[in-house]
Amino acid sequence: VTAAPRVDGDRLWGSLMELARIGDTGDGGCRRLALTDEDRDALDVFAGWAREAGCSIAQDEVGNLFAERPGADRERPPVLIGSHLDTQPTGGRFDGALGALAALEVVRTLDDHEIRTQAPVVVVSWTNEEGARFPQPCTGSGVFAGVLTLEQALGQRAVDGPSFGEELDRLGMAGPERAGAREFGAYFELHIEQGPIVESGGCTVGIVTGSQGLCGIAVRLTGREAHTGTTPMDKRADALVGAARLVSAVNELPAQRPGTLATVSRLEAHPGSRSTIPGRVEMVVDVRNPEPEGLAAAEAEVGRLAQSIAAEAGLDAEVETFLKGPPERFDTGCVDAVRAAAELLGHPATEIVSGAGHDAVYVARTTPTAMIFIPCRDGISHSPAEYAEPADVRAGADVLLHATLATAGVA
Ligand SMILES: [Zn+2]
């Protein structure tokens with residue numbers, strides 16, 4: 001065990017802090033929106049470091065960057081490791097960058113120890129994971145995995161105007177390779193948890209077994225507009241009163257269905273005039289659950305609640321699910337490789353289902369995949385306050401290294 005190679009934690013931390021200077025917001029945060037000059041600069045630095053580590057660089061048509069370290073066995077499909085370099089508008093230094101730079105640190109460590117793997121090791125940076133400037137999160141990995149078409153990716157518009165395709169061209173970030181043309185034997189992604197579970201459990205490592213499913217449900221409650229000053233209380237069909245009851249019922253739904261998260265995340269009352277009783281409310285309910293049955297049950301429950309509350313309040317309810325992301329279960333072989341690496345290195349670890357979306361969730365559709373989480377302070381991310389301890393960063397990268405080694409094989 002003591003002879004097992006370890007990453008250079010100081011070098012990895014140094015690279016993280018150096019990359020964070022691109023888009024530095026001065027308050028500990030980072031603003032590197034997808035397909036901006038800052039994003040391109042970060043990718044250039046990243047590619048330069050990968051080249052220095054002896055990797056060959058290729059880019060595909062949506063800007064995903066692959067840095068390959070050759071293996072001894074040409075027949076074996078490469079092991080893919082990495083994450084993303086873009087951030088939220090008020091992002092931190094670790095979300096994404098950690099996984100990409102830890103993957104690079106794995107390659108640097110293999111070089112230090114002159115370790116030749118059987119399968120090649122490929123480091124990846126996926127384009128537009130955040131879905132902040134462009135609406136489609138995980139664009140790069142989505143096209144790679146065939147979840148999104150190239151047209152859907154290139155055609156989406158930035159909040160500030162240009163299309164994804166126009167920005168790829170302007171920045172010279174698109175390559176000649178067809179997205180998804182490459183095949184990989186496995187994919188591992190290290191990421192901060194972005195939640196409090198690993199930290200509050202006193203663990204260093206989260207063995208991510210999959211990601212929870214989600215439903216976006218649109219609910220329209222229709223009553224009757226009327227004068228607020230002349231309509232007696234018992235003669236009203238106030239859509240907002242029904243909506244208020246539904247907000248409360250949705251909030252209480254998880255108490256009956258453990259494992260479910262349910263949120264009314266949008267609500268608009270019409271016509272929005274002081275002296276008119278709201279005749280119509282449009283709302284969006286966001287429901288999450290790690291199991292397909294649990295998700296379907298919670299989705300059905302929202303519909304049932306909307307209908308019964310509407311009926312009681314003399315309203316009409318229309319309910320429509322407009323977004324469905326099924327739960328994803330990661331590959332057991334890859335999950336086992338992460339667990340074994342954490343055990344080998346003696347890091348306290350816990351199994352966890354990812355609450356957030358990640359590139360790995362899309363990649364898992366076509367490639368055996370698992371993720372590694374490390375704690376972030378107080379579970380905070382998408383914030384300048386986002387922070388991971390250097391010791392945890394090092395531990396996560398060591399687990400990534402050993403999961404990669406076990407999967408790629410040592411020549
Ligand atoms: Zn991320």
Side-chain angles (χ1 to χ4, degrees), residues 7-49 82-105 108 125-134 137-138 158-160 189-206 208 347 352 354-359 371-400:
V7 301
D8 182 335
D10 292 338
R11 178 172 58 192
L12 171 54
W13 188 263
S15 296
L16 267 168
M17 294 307 116
E18 193 172 335
L19 195 81
R21 281 161 50 191
I22 305 171
D24 186 352
T25 46
D27 53 2
C30 216
R31 178 185 172 88
R32 221 165 36 231
L33 295 168
L35 302 190
T36 56
D37 292 4
E38 291 78 18
D39 193 27
R40 188 253 339 260
D41 291 349
L43 195 66
D44 282 351
V45 166
F46 184 70
W49 288 342
S83 193
H84 61 95
L85 298 175
D86 66 318
T87 74
Q88 288 285 318
T90 57
R93 294 170 288 175
F94 301 88
D95 175 2
L98 169 69
L101 291 174
L104 180 65
E105 177 58 33
R108 289 168 165 173
S125 162
W126 303 108
T127 310
N128 185 37
E129 190 274 349
E130 296 290 355
R133 183 177 178 227
F134 294 94
C138 303
V159 287
D160 53 325
E189 182 171 350
L190 170 65
H191 208 282
I192 54 169
E193 182 199 333
Q194 307 182 277
I197 295 169
V198 179
E199 183 182 44
S200 64
C203 289
T204 311
V205 171
V208 189
H347 295 307
I352 181 172
S354 177
H358 290 289
D359 290 309
M371 290 187 78
I372 304 153
F373 279 170
I374 59 164
C376 54
R377 191 163 61 199
D378 301 325
I380 294 169
S381 83
H382 290 187
S383 159
E386 179 182 288
Y387 186 74
E389 292 295 336
D392 293 342
V393 166
R394 179 192 307 239
D398 274 331
V399 172
L400 179 67

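These numbers come from the heavy atoms of this one structure, side chains and all, not from hydrogens, waters or symmetry mates.
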**Q** Is the shortest heavy-atom distance from the side chain of Arg93 to the side chain of Leu16 under 4.5 Å?
**A** no

**Q** Can you name the residues that form a ring-ring contact (aromatic ring centres under 6.0 Å, His included) with His358, not counting sequence neighbours?
**A** His191, Phe373

**Q** What's the shortest heavy-atom distance between Arg394 and Val7, and which atoms?
**A** O-CG2, 3.9 Å

**Q** Is there a side-chain contact between Asp8 and Arg108 in this structure, where contact means two heavy atoms from C-beta onward sitting under 4.5 Å apart?
**A** no

**Q** Can you check whether Ser125 reaches Leu43 side chain to side chain, under 4.5 Å on heavy atoms?
**A** yes

**Q** Report the distance from atom CZ of Arg21 to atom SG of Cys30, rounding to the nearest 0.5 Å.
**A** 11.5 Å

**Q** Identify the two heavy atoms, one from Arg133 and one from Ala34, that lie closest to each other, and give their separation to 0.1 Å.
**A** NH1-O, 3.2 Å

**Q** Nearest 0.5 Å please: distance from the CG atom of Asp41 over to the CD1 atom of Ile22.
**A** 5.5 Å

**Q** Just how far is it from atom CG of Asp37 to atom CG of Asp44, taken to the nearest 0.5 Å?
**A** 10.5 Å

**Q** Should Thr25 and Thr90 be marked as a side chain to side chain contact (heavy atoms under 4.5 Å, CB included) after you check the CA-CA gap, both sets of side-chain angles, and the distance that decides it?
**A** CA-CA 8 Å; Thr25 46; Thr90 57; over 6 Å; no

**Q** Using 4.0 Å as the upper bound for N to carboxylate O, is an ion pair formed by Arg11 and Glu105?
**A** yes

**Q** Looking at Ile374 and Ala388, what are the two nearest heavy atoms and their distance?
**A** CD1-CB, 4.1 Å

**Q** Of all heavy-atom pairs between Ala397 and Leu12, which one has the smallest distance, and what is that distance?
**A** CB-CD2, 3.5 Å

**Q** Is Ser15 reaching over with its side chain to a backbone N or O of Leu101, donor-acceptor style, under 3.5 angstrom?
**A** no

**Q** How long is the straight-line distance from CD of Glu38 back to OG1 of Thr87, given to the nearest 0.5 Å?
**A** 9.0 Å

**Q** Could you label the plane-to-plane angle of the Phe94 and Trp13 rings as parallel, tilted or perpendicular, counting under 30° as parallel and over 60° as perpendicular?
**A** tilted

**Q** Between His84 and Asn128, is there a side-chain donor-acceptor contact under 3.5 Å, judged purely by atom types and distance?
**A** no

**Q** Looking at every non-hydrogen atom in both residues, tell me the closest pair between Asp95 and Gln194 and how far apart they are.
**A** OD2-NE2, 3.2 Å

**Q** For the side chain of Asp378 and the backbone of Ile380, is there at least one donor-acceptor N/O pair under 3.5 Å apart?
**A** no

**Q** Evaluate the side chain to side chain contact (heavy atoms under 4.5 Å, CB included) criterion for residues Val393 and Leu98: first the C-alpha distance (whole Å), next the side-chain angles of each, then the deciding distance (0.1 Å), finally the verdict.
**A** CA-CA 8 Å; Val393 166; Leu98 169 69; 3.8 Å; yes

**Q** Does Gln88 use its side chain to pair, donor to acceptor, with the backbone of Ser383 at less than 3.5 Å?
**A** no

**Q** I'd like to check Glu193 versus Cys203 (side-chain heavy atoms, cut-off strictly below 4.5 Å). Are they in contact?
**A** no

**Q** What distance do Leu33 atom CG and Phe134 atom CZ have between them, rounded to the nearest 0.5 Å?
**A** 9.5 Å

**Q** Return the OG1 to CG distance between Thr204 and Asp398, rounded to the nearest 0.5 Å.
**A** 11.5 Å

**Q** Would you check if the side chain of Asp359 reaches a backbone N or O of Ser83 as a donor-acceptor pair within less than 3.5 Å?
**A** no

**Q** Which heavy atom of Ala132 sits nearest to which heavy atom of Pro89, and what is that distance?
**A** CB-CD, 3.8 Å

**Q** Should Leu35 and Thr127 count as side-chain neighbours, where that means a heavy-atom distance under 4.5 Å?
**A** yes

